[in-house]
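Index from 1, following the sequence.
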Amino acid sequence: MANSGLQILGFALALLGVIGLIIGTILPQWKMSAYVGDNIITAVAMYEGLWMSCAFQSTGQIQCKVYDSILQLNSALQATRALMIVSIIVTVAGLGVAVMGMKCTNCGGDDKTRKSRIAMTGGIIILIGALCSIVACSWYAHDIITAFYNPFTPVNTKYEFGSAIFIAWAGAFLAVVGGAMLAASCPRGKPSSSPKYPISRPPSSKEYV
């Protein structure tokens, strides 16, 4: 059986990963305006996220605008939105399943083998959710890189990676590590026990006397 300390550590890492995924999904700093070419000094920094775009002025003022229509968004942004939401839901569900299988909880009955299998299932579900977020972040990052090196993209509309995408990547990595630790709760096969027979002792020499 897996060590209960390993399960607690895996659950804590996966929980931190979910928090990172939620924060990264909400923040608008998925990509920021790149200062290339003649656009070196500017009083406004542009940020775009999954849900809104924001303008940060040098005076400290922030102006954000939510995207008006989903149909106006490109395919990469729509896919990233969907995958991040699916990732958060699946990972939270995996955490709920893992709680029932952890040794430090009373859920899932008293059968240790069954609880270990439940914890292993929760870890696998967390891994699937983390994989969705990794695909989403990588897809969005590929879209940023492609637009940045596209010669037809205007200089003042080029973007680079923002802080939110790194937070989402870090959350996905923590979820992968935590899910792997929980998935290591796979119960090992018990060695086959031979039937127990009463030990026959050789007759003592006194019995023949």
Side-chain angles (χ1 to χ4, degrees), residues 12-96 125-179:
L13 291 177
L15 182 60
L16 290 177
V18 172
I19 295 174
L21 292 176
I22 295 175
I23 294 175
T25 303
I26 296 174
L27 289 178
Q29 291 91 352
W30 275 70
K31 61 181 180 180
M32 56 181 295
S33 54
Y35 302 104
V36 294
D38 298 332
N39 190 19
I40 298 178
I41 300 176
T42 180
V44 180
M46 300 298 299
Y47 292 90
E48 289 189 8
L50 302 181
W51 314 100
M52 65 184 69
S53 59
C54 297
F56 289 76
Q57 300 181 2
S58 59
T59 57
Q61 296 180 351
I62 303 175
Q63 295 180 350
C64 296
K65 180 182 178 182
V66 180
Y67 298 134
D68 297 330
S69 176
I70 299 178
L71 300 178
Q72 295 178 354
L73 305 177
N74 55 20
S75 58
L77 181 55
Q78 294 182 16
T80 304
R81 270 185 173 186
L83 286 173
M84 290 302 295
I85 293 175
V86 170
S87 173
I88 293 173
I89 294 175
V90 172
T91 308
V92 171
L95 287 174
I125 295 174
I126 292 173
L127 287 175
I128 295 174
L131 179 62
C132 292
S133 59
I134 291 175
V135 172
C137 295
S138 301
W139 193 341
Y140 196 88
H142 178 267
D143 186 69
I144 295 175
I145 296 173
T146 303
F148 184 87
Y149 288 106
N150 188 356
F152 298 101
T153 303
V155 177
N156 57 350
T157 59
K158 289 188 175 183
Y159 290 87
E160 57 186 1
F161 298 155
S163 58
I165 193 171
F166 292 107
I167 294 176
W169 259 326
F173 175 75
L174 291 176
V176 167
V177 176

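- A donor-acceptor pair under 3.5 Å is absent between the side-chain atoms of Trp51 and the main chain of Arg81, judged by distance alone.
- Within the 3.5 Å criterion, the main-chain N or O of Gly129 finds a donor-acceptor partner in the side chain of Ser87.
- Separation of atoms CD1 (Ile88) and OG1 (Thr25) is listed at 3.5 Å; rounding is to 0.5 Å.
- Checked against side chain to side chain donor-acceptor pair (under 3.5 Å), Tyr159 has the following partners two or more places apart in sequence or in another chain: Glu48.
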Checking side-chain contact (heavy atoms from CB on, under 4.5 Å) for the pair Met84/Ser133: CA distance, chi angles, key distance, verdict?
CA-CA 5 Å; Met84 290 302 295; Ser133 59; 4.0 Å; yes
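- Partner of Met32 under the side-chain contact (heavy atoms from CB on, under 4.5 Å) criterion, chosen from Phe161, Tyr47, Phe56: Tyr47.
- In this structure, OH in Tyr67 is found 5.5 Å from CG in Leu77, a value given to the nearest 0.5 Å.
- With values rounded to the nearest 0.5 angstrom, Gln63 atom CD is found 9.5 Å from Cys54 atom SG.
- Within a 6.0 Å radius of CZ in Phe173, no more than 12 heavy atoms belonging to other residues, nucleotides or ligands are found.
- Within the 4.5 Å cutoff, no side-chain heavy atoms of Lys31 are placed close to those of Ile165.
- Pairing each heavy atom of Ala130 with each of Thr91, the nearest pair is N-OG1, 4.0 Å.
- Paired with Leu50 under the rule side-chain contact (heavy atoms from CB on, under 4.5 Å), one option of Ile26, Leu27, Thr80 passes, and it is Thr80.
- Across every non-hydrogen atom of Met46 and Ala55, the tightest pair is SD-CB, 3.7 Å.
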Tell me which donor-acceptor pairs under 3.5 Å the side chains of residues 134-150 have, and how far apart each pair is, sequence neighbours excluded?
{"unit_1": "Ser138", "atom_1": "OG", "unit_2": "Ile134", "atom_2": "O", "d": "2.8"}
{"unit_1": "Thr146", "atom_1": "OG1", "unit_2": "His142", "atom_2": "O", "d": "2.7"}
{"unit_1": "Asn150", "atom_1": "OD1", "unit_2": "Phe152", "atom_2": "N", "d": "3.2"}

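- Taken to the nearest 0.5 Å, the CG atom of Leu73 stands 9.5 Å off from the CG atom of Asp68.
- Distance CD1/Ile126 to CG/Leu95: 4.0 Å, rounded to 0.5 Å.
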